[in-house]
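Positions are given from 1, in the same order as the sequence printed here.
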Amino acid sequence: GPDRAWLDEFLAAYGRDVHLPFYVTSRPELLDDGTVERLAAASCRMLFLSVETGSERLRHSVLNKSARTRDFRRVAASAHAHGLPIAINNLFGIPGERLADAVETIRLNQELKPEKLMNAMLTFFPELPVTARAIRDGLLDPAEAVKPRHPYGLGRSPLDQPEIGAVQNLHRLSYIA
C-alpha cells in the first residue's frame with residue numbers, strides 16, 4: 001500500500017513550497033478523508049477515478065478491478081466536502097454487460113456527481129485478459145481484436161452479445177443522462 005507518512009509530508013511541503021495546481025489519478029481504496037483533504041489543501045485541482053462500470057460483478061469478475069462501489073461513494077463524498085472536483089472514467093461494451101448494468105453505471109455517475117465525465121466503448125487489444133476472455137466466451141471474433149478502432153472508444157462495439165445495441169445507444173446518450 002501507499003506510504004501514508006511520506007505522502008502526508010510530501011503534500012504538506014508541496015502545498016507550502018510549490019503550490020502549483022496538479023491532478024491526481026487514484027484508486028478509491030487508497031484514499032481516506034484525510035488524504036483527500038490534504039490533496040485539496042495542496043492545490044490538487046481534480047481527482048480522477050476509474051469507476052469503469054456501476055456493476056461490481058463486471059468490475060471484479062471481468063475487468064479484474066478490486067475497487068468497490070462503496071469506496072467510490074465514500075471518496076466522492078469526501079472530495080465534494082473538501083471542494084475537490086472529481087472526474088470519472090467509464091467503459092461501456094464490457095463482455096457480459098447487459099443494459100441493466102449500463103443503466104447502473106449511469107445511476108452511479110449521477111450519484112457521484114462528477115465535474116468531468118469520460119465515457120468510452122471498451123476497446124479490445126490483443127494480449128489483454130479481457131480480450132482473451134471475450135474471445136474464449138465466443139463474444140468477440142479474434143480478427144476483431146486486431147482491427148484499428150477509434151482511439152477514444154467512440155465507435156461500435158465488436159462484441160456479439162445480447163443487448164449490445166442498447167448498451168451502445170445508452171453510451172451515446174450517457175453524457176446527457
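- Note on Leu49: it clusters hydrophobically with Tyr175, by side-chain heavy-atom contacts below 4.5 Å among ILVMFWY residues.
- Although no hydrogens or angles enter the test, the distance criterion places a donor-acceptor pair under 3.5 Å between the side chain of Asp141 and the main chain of Ala143.
- Hydrophobic cluster membership differs between Leu20 and Tyr23, with clusters built from Ile, Leu, Val, Met, Phe, Trp and Tyr side chains linked at under 4.5 angstrom.
- If you run side chain to side chain contact (heavy atoms under 4.5 Å, CB included) between Asn119 and each of Asn109, Ile88, Thr105, Leu170, only Asn109 comes through.
- Here Phe22 pairs with Tyr14 under the ring pair (Phe, Tyr, Trp, His ring centres under 6.0 Å) rule; sequence neighbours left out.
- Residues Arg57 and Asp101 are paired through a salt bridge, judged by an N-O separation under 4.0 Å between the basic side chain and the carboxylate.
- The stretch residues 154-163 participates, sequence neighbours left out, in these salt bridge (charged side-chain N to carboxylate O under 4.0 Å, His left out) pairs: Arg98-Glu163.
- Taking both residues in full, the closest heavy atoms of Gly93 and Leu122 are given as O-CB, 3.7 Å, listed atom of the first, atom of the second, then distance.
- Minimum heavy-atom separation, Arg45 to Leu84: C-CD1, 4.1 Å.
- The minimum heavy-atom distance linking Glu104 with Gly54 is given by the pair OE2-O, 3.0 Å.
- Cluster membership for Leu99 and Leu173, using ILVMFWY side-chain heavy atoms within less than 4.5 angstrom, is not shared.
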Self-check item: Phe92 and Ile106: CA distance, side-chain angles, deciding distance, side chain to side chain contact (heavy atoms under 4.5 Å, CB included) verdict
Solution: CA-CA 10 Å; Phe92 291 84; Ile106 298 295; 3.9 Å; yes

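- Annotation: the span from Thr35 atom OG1 to Leu11 atom CG amounts to 7.5 Å, rounded to 0.5 Å.
- In this structure a side-chain-to-backbone donor-acceptor pair under 3.5 Å is missing from Arg73 to Leu108.
- Taking a 6.0 Å sphere around CD of Glu9, one finds it holds 12 or fewer heavy atoms contributed by other residues, nucleotides or ligands.
- Atom CD1 in Ile135 sits 5.0 Å away from atom CG in Leu140 (nearest 0.5 Å).
- Val51 and Phe48 are not part of a single hydrophobic cluster, where members link through side-chain heavy atoms under 4.5 Å apart.
- Between the side chains of Asn90 and His171, no donor N or O sits under 3.5 Å from an acceptor N or O.
- The main-chain N or O of Gly34 is found under 3.5 Å from a side-chain atom of Arg38 such that the two form a donor-acceptor pair.
- In this structure, OG1 in Thr53 is found 6.5 Å from CZ in Arg59, a value given to the nearest 0.5 Å.
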Practice problem: Please report the C-alpha distance between Glu115 and His80 in whole Å, then the side-chain angles of each, then the deciding distance to 0.1 Å, and finally whether the side chain to side chain contact (heavy atoms under 4.5 Å, CB included) criterion is met. | Solution: CA-CA 10 Å; Glu115 280 71 18; His80 292 311; 3.9 Å; yes

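- Met118 approaches Asn89 most closely through the heavy-atom pair CE-OD1, 3.0 Å.
- Using a 4.5 Å cut-off on side-chain heavy atoms (C-beta onward), Asp32 and Arg4 make contact.
- Put simply, CG on Leu58 and NZ on Lys65 are 13.5 Å apart, with the number rounded to the nearest 0.5 Å.
- Minimum heavy-atom separation, Pro95 to Ala134: CG-CB, 3.8 Å.
- Side-chain contact between Glu144 and Leu159 is absent, with no heavy-atom pair separated by less than 4.5 Å.
- In terms of modelled atom types and a separation under 3.5 Å, the side chain of Gln161 and the main chain of Glu97 share a donor-acceptor contact.
- In this structure, Arg68 pairs ionically with Glu56, as a charged nitrogen and a carboxylate oxygen lie closer than 4.0 Å.
- Between the CZ atom of Phe72 and the CD1 atom of Ile86 there is a distance of 10.0 Å, given to the nearest 0.5 Å.
- Between the CG atom in Leu47 and the CG atom in Leu39 there is a gap of 7.0 Å [rounded to 0.5 Å].
- Of all non-hydrogen atoms in Ser174 and Leu117, the two that sit nearest each other are O-CD2, 4.2 Å.
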